[in-house]
Structures are given as structure tokens and as C-alpha cells.
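First up is the structure itself, then whatever we jot down about it.
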Amino acid sequence: MKNPNGHEIIQLFEQFSPKGLAMEGDRIGLQIGRLNKKVERVMIALDVLEDVIEEAIEKNVQLIIAHHPMIYRPLKNVLTDTVQGKMIEKLLKHDIAVYAAHTNLDVAKGGVNDLLADALGIEAAEVLVPTYETVLKKIVVFVPSSHAESVRKALGDAGAGFIGNYSHCSFSANGTGRFLPGDNTTPYMGQAGMLEEVDEVRIETIIPEQQLKKAITAMIKAHPYEEVAYDVYPLENQGEVLGLGRIGKVSEMTLGEFAKKVKAALEVDTVRVVGDLTAKVKKVAVLGGDGNKYFMNAKFKGADVYITGDIYYHTAHDAMMQGLNMIDPGHNVEKVMKKGLTATLQKLCTNSGYVVEIFPSEVNTDPFQFI
Ligand SMILES: [Zn+2]
């Protein structure tokens, strides 16, 4: 067990929600403060508002991980008699770092959209708007049979060999390795200047490009040779498709019944509904945040109803004319990420032996009330 610093926590977080998944131009990553410090308490927030900063100070937090970037438009200045300037000043004075994970957390497996789909009971949810396809590589490594098992395990533990719901997939074949150790070598087998023949195993497996470096490092560590012989091949196979929104099925009910279910599941008092309340719904699409521009994706994929926030008057008209029902529970339902991310990050930290307390912000940042 160890007390991690900010970098170590963010490194774990980014394995789950890599920056590379973010949409172009999004403002993500460390926005305020520093990570090279001990972190004992992390608070997960949807928005960073004044109340949230007060909460962080009160709870002695060193790092806030927020979904909505605190700084979106580039700042021209930081004036401490403006609201934003004052907020930045407070954070810096209390040495509280702010890290934003926005569209990368929407896209990530287990991120905002998966959390919303889970809350709504959507089964076998698929991606609604593909934005990213994993690039796959093949690793082939030659290892003496005595170490084949440990090298296979190291590769599998580092994320190699994921095919569908199977992990640690690999193929091995036996053969003969030959090498001639040169001068100034300390070979694991044989001796300098003598041609050596060894029973070796050829292990092959696949890996997403972004995990390649980590897997190779783990593989070399588990391998007994001074010089490890391995190849990395580019692959044409289609990788996993990731993206915004999710679509899948719920048990059939009317639009009116489903709207009530949405209210309860996402913990809101009201929703705005577009469509005939007696219409049957079964195929359901959801997209966290403002999903106006993706309503046709929901229509094309055969959704009976599309749930998203910030629906404009004219989008509602367009959807109505296309025969697509819509439910708007508000943008703030993305608050599901607070508990969801707390659980995920706590698990990642515990598995890495990090002693750190992670908790969701309790401040309600919904600017709207209905009277
Ligand atoms: Zn949002």
C-alpha cells in the first residue's frame, strides 16, 4: 500500500478514459494546479462552480476530477475580482488541482454514456455515434519454453489478447531458436562466441495500439533474455468501435410510462417529452449532455425514443416530423458520472495498492428549477 501522487492517480484514470478518445478541440486534462504532490482525497464533480470549490476546501481535497472543463474558452487574463478569477485564485491558494475529462469520458467504456444506459436499464447497449476505432497490432515474441507461461501472463495482464469478452488470448508454437552471442555479452544461455540452439516458443497475440508500449515493457520484464526477439505487425482487422451515446432495448412500454421511468432512474422531477405518449417504445437511444445534432443517428438506427439534454425547440419539431420521440431530462443527468466514476477510480486505485479516498461532490449544480 502506498500514498500516490497526482500523476499516479491520473495515469490510472487515463487507462480507463484515455485522452485520445476526446473529440477534436475539447479542453481536457489538467487545467489548474499541479499533480506532483501527494494526493489523499479526490473529489469527483460534474461542474466546478464556486460551491463545489468551497466543498473541496472544506473536505481537504487535493484533486478535483470534473466532467465539464472549468476553462473552456482560452483565458486572456486572470483577474481576482471576477468570478472566474476568484475561483482560480481559491483553487491555487489551497493547492487544489482541477483535471477535466469531458468527451473522452463520454466515449470511454464505462463512462458517462454507459452509466446513463445502465441507469435506464438499456440492454446490450451499442454505440450510437461512432467516433473512434481502436487500431490493433500483433505482437510475436520468441521465448524459451521455461518462461513461456510467465511471458504469456505478462502480456495478458497488460491488456494483450482481448477478443470480445475473452482476455489473455494467444497462440503458441514450438520451434528452435538460434543465436551467436558476440563479445561483451552475458547470455542467459550458452556462451559468447558459440552458436547456440534453444527450444523456444513463438507466442503471438493482439493488442490495441495505445496499450502496446505497456505490454512490450511487461513482456521484456518477464523475458529472461538480454536481447528479446519480438516483432510488432500492423493489422487490418477492425478494432473495437467506441463513440458517443448508446442504443439498445428496454422492456416494451408506452412513451408516457417510459418517461416516468426516466424520471425515476435519472432522479429528476420533470422531463420534457416530444411525441405521442401512448406510442410503444422498445428501442431506446441515449446521449449524455447536448445531443441535438445526433438525433438523426437515433432515427437511422431505429430508436423509438431518443433521450438527451438541452433539446432545442427546432430540433423537437424536426424530430416530431421524422416520427422520432424524444425525452429531455436535462443536461444535469450527467451527474450519474459522480458516483459511477468514484466507484471505478476507487477500484483502480485499490487494485494498484494506492491509499486514497475518492468521493462524489454533493453539491447540486443544476442551474434550473421548475416551479
Ligand atoms: Zn455535459
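Order of listing sets the numbers, starting from 1, for every ligand and every atom in it. As a basis for the values below, the full set of heavy atoms in this structure was taken, side chains included, without hydrogen atoms, waters or symmetry mates. Numbers for residues simply follow the sequence, beginning at 1.
Residues Lys59 and Glu357 are not paired through a salt bridge, judged by the lack of any N-O separation under 4.0 Å between the basic side chain and the carboxylate. Between Glu40 and Lys38 there is a salt bridge, since a side-chain N of the basic residue sits under 4.0 Å from a carboxylate O of the acidic one. For Glu149 and Arg152, the salt-bridge test passes: some basic side-chain N is under 4.0 Å from an acidic carboxylate O.
Around the Zn ion (ligand 1), the protein N, O or S atoms found under 2.8 Å comprise His68 NE2, His331 NE2, Glu334 OE1.
The stretch residues 288-314 participates, sequence neighbours left out, in no salt bridge (charged side-chain N to carboxylate O under 4.0 Å, His left out) pair at all.
Other residues, nucleotides and ligands contribute more than 12 heavy atoms inside 6.0 Å of the CD atom of Glu226.
Applying side chain to side chain contact (heavy atoms under 4.5 Å, CB included) to Phe142 and the options Val151, Thr176, Asp231 leaves one that passes, Asp231.
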